[in-house]
Amino acid sequence: MSDDIRASIGLRPVINVSGTMTSLGASIVVPEAIAAMSSILPQFVEINDLQRKASAVIARLTGAEAGFVTASCSAGISLAVAGAITGNNLLAIEKLPDVTPEKNEVLVQMGHVVSYGAPVDQAIRLAGAKAVLIGQATSTHRFHMENAITERTAAVVYVVSHHVVDYGLLNLKEFVEIAHAKGVPVIVDAASEYDLRVFLEQGADIALYSGHKFLGGPTSGIVAGKKELVRNAFLQNMGIGRGMKVGKESIFGVMAALEAWEKRDHAGIRERETGYLNLWKQMLDDRPGVTALREPDPTKNPLDRLRVILKPEETHITAWDLADALARGTPPIIVRDHEVEHQYFYLDPCNLHPGEEKIVASRLAEELDKARASNEIIATPIENRGKRRFDAVLRWPD
């Protein structure tokens, strides 16, 4: 932390208890990836050969037949979908996103059409595909999918995320079974997932991962799966993938991050994170109107978070006002607030530098004490928060 460059360029020294969020820089890049990127930056390489080397590492870590590195997991969705549409037809690749109509539909469950910062279905449409939404937001049954697959279906996409509806939808095993019975490939968006093998083991033909979230690599995406489908996706670098390319440093950085993943002390990391959670829970447990619950990750990643539930009539502040106060303060603390209208937010321990857990505890106590001392409940209308959500980006770069 002594080499913190943020103040020198006028950036706020954010403490991230939100998780592996792209809007905050995703994760702390591991030293092995930083060293790898630095070592290759001055050198010239043949990029396709470097991608072959990356393919071997990706295959070993994921159990895939092949893989490559792209700009992001979102880019991976577009490239995998495009590959399913064009195959290895170089002329068709050049013509995307204009495609012939006979085989360009991609199925996705309606409850999986979420935003990870942009809509899932937009990543599909960028490839020239037509996103066909099946089922309803909280309900997809076999008959929805079986009847939606036609001769025009190029692929199906399955999204694994804490944002998706987690009940009433087809699980991956059933999703794969239905698609494969009709000869249709399955693409799994597993951007924020810890397990690099399970989705291919469960039958996915392509699994997509973020290189810069749990892996701690540079900003990137990983495409892994069956050799022919991966190759067809890789060929899109001569088409729509040109704008999604990565440099030598990102490819080599991901390779280093994957190899470091093999050697990482995962149990030790969990133990350290548990200590953070215990510290926060102990500080919150005796406070009027505050309930702190340790909860497992909803997509079965091996980490817990602390859910902080408020009763505003006792805490004198709403969950969203507390989240905003923490974000405005010194230092800014950014919590996981995507469900804050229900009067709770989460503290995620996975992206802290040593000592920051104590700062988080101190700032929480400070803001709760300040609110408790208030004669009135701090309760700004939740709709005001929604109205100003995009103000800063709409004013950019001012």
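For reference, positions follow the sequence shown, starting with 1. Only this structure's heavy atoms are used, side chains among them; waters, hydrogens and symmetry mates stay out.
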Exercise for review: Look at the aromatic rings of H141 and F143 and report parallel, tilted or perpendicular, splitting at 30° and 60°.
Suggested key: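 Because their plane-to-plane angle is under 30°, the rings of H141 and F143 count as parallel.
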Test your reading of the model: is there a side-chain donor-acceptor pair from [X] to the backbone of [Y], 3.5 Å cut-off?
X    : Y    : answer
E383 : P381 : no
T315 : K311 : yes
S78  : A123 : yes
R305 : C350 : no
N89  : L91  : yes
S39  : A36  : yes
H212 : V254 : no
S8   : I5   : yes
E65  : K227 : yes
T62  : A64  : yes

Is atom [atom1] of [X] surrounded by more than 12 heavy atoms (other residues, nucleotides or ligands) closer than 6.0 Å?
X    : atom1 : result
D369 : CG    : yes
E313 : CD    : yes
E262 : CD    : yes
K248 : NZ    : yes
L11  : CG    : yes
E201 : CD    : yes

Side-chain heavy-atom pair [X], [Y] within 4.5 angstrom cut-off:
X    : Y    : result
V156 : V106 : no
F252 : M37  : no
W320 : F345 : no
T20  : N351 : yes
Q236 : T86  : yes
P331 : I359 : yes
H338 : H162 : yes
F68  : L79  : yes

Please determine if [X] and [Y] form a salt bridge, counting it only when a charged side-chain N lies under 4.0 Å from a carboxylate O.
X    : Y    : answer
E295 : R307 : yes
R385 : D337 : yes
D49  : R52  : yes
E151 : K103 : no
K281 : D304 : no
K263 : E259 : no
R152 : E105 : yes
E273 : R270 : yes
R125 : D121 : yes

Are a donor atom and an acceptor atom from the side chains of [X] and [Y] found within less than 3.5 Å of each other?
X    : Y    : value
D205 : H180 : yes
S18  : N16  : no
Q343 : T318 : no
Y209 : E193 : no
K213 : S192 : yes

**Study point:** Quiz item: cation-pi between K300 and Y194, 6.0 Å / 45°
**Key:** no
Practice item. Any chance you could lay out the side chain to side chain contact (heavy atoms under 4.5 Å, CB included) test for Y344 and V308, step after step, and finish with the verdict? Key: CA-CA 5 Å; Y344 63 81; V308 180; 5.9 Å; no
Quick check for you: to the nearest 0.5 Å, what is the distance between [X] atom [atom1] and [Y] atom [atom2]?
X    : Y    : atom1 : atom2 : answer
I134 : L169 : CD1   : CG    : 9.0 Å
L208 : T70  : CG    : OG1   : 9.5 Å
I251 : I222 : CD1   : CD1   : 11.5 Å
L352 : I28  : CG    : CD1   : 7.0 Å
T140 : N171 : OG1   : CG    : 11.5 Å
E356 : H353 : CD    : NE2   : 5.5 Å

Exercise for review: Would you check, one step at a time, whether the test side chain to side chain contact (heavy atoms under 4.5 Å, CB included) holds for I317 with I377?
Suggested key: CA-CA 5 Å; I317 192 167; I377 298 173; over 6 Å; no
Taking every non-hydrogen atom, the tightest pair across [X] and [Y]:
X    : Y    : answer
D348 : W280 : O-CH2, 4.3 Å
G67  : I58  : C-CD1, 3.7 Å
V176 : A204 : CG2-N, 4.2 Å
A82  : I240 : CB-CD1, 3.9 Å
A155 : V184 : CA-CG1, 3.6 Å
R142 : L170 : N-CD2, 3.9 Å

Review point. Between Y167 and T138, is a side chain to side chain contact (heavy atoms under 4.5 Å, CB included) present by the stated rule, with each step listed?
Key: CA-CA 7 Å; Y167 62 91; T138 58; 3.4 Å; yes
Count I, L, V, M, F, W, Y as connected when their side-chain heavy atoms are under 4.5 Å apart, and connections chain through other members. Are [X] and [Y] then in the same cluster?
X    : Y    : answer
L215 : M21  : no
I15  : L322 : yes
L229 : I85  : yes
Y276 : L368 : yes

Exercise for review: Taking the six-membered ring for Trp and the full ring for Phe, Tyr or His, determine whether the centres of H163 and Y116 are under 6.0 Å apart.
Suggested key: no
Exercise for review: List the steps, then state whether side chain to side chain contact (heavy atoms under 4.5 Å, CB included) holds for M238 with E94.
Suggested key: CA-CA 7 Å; M238 296 187 290; E94 284 193 352; over 6 Å; no
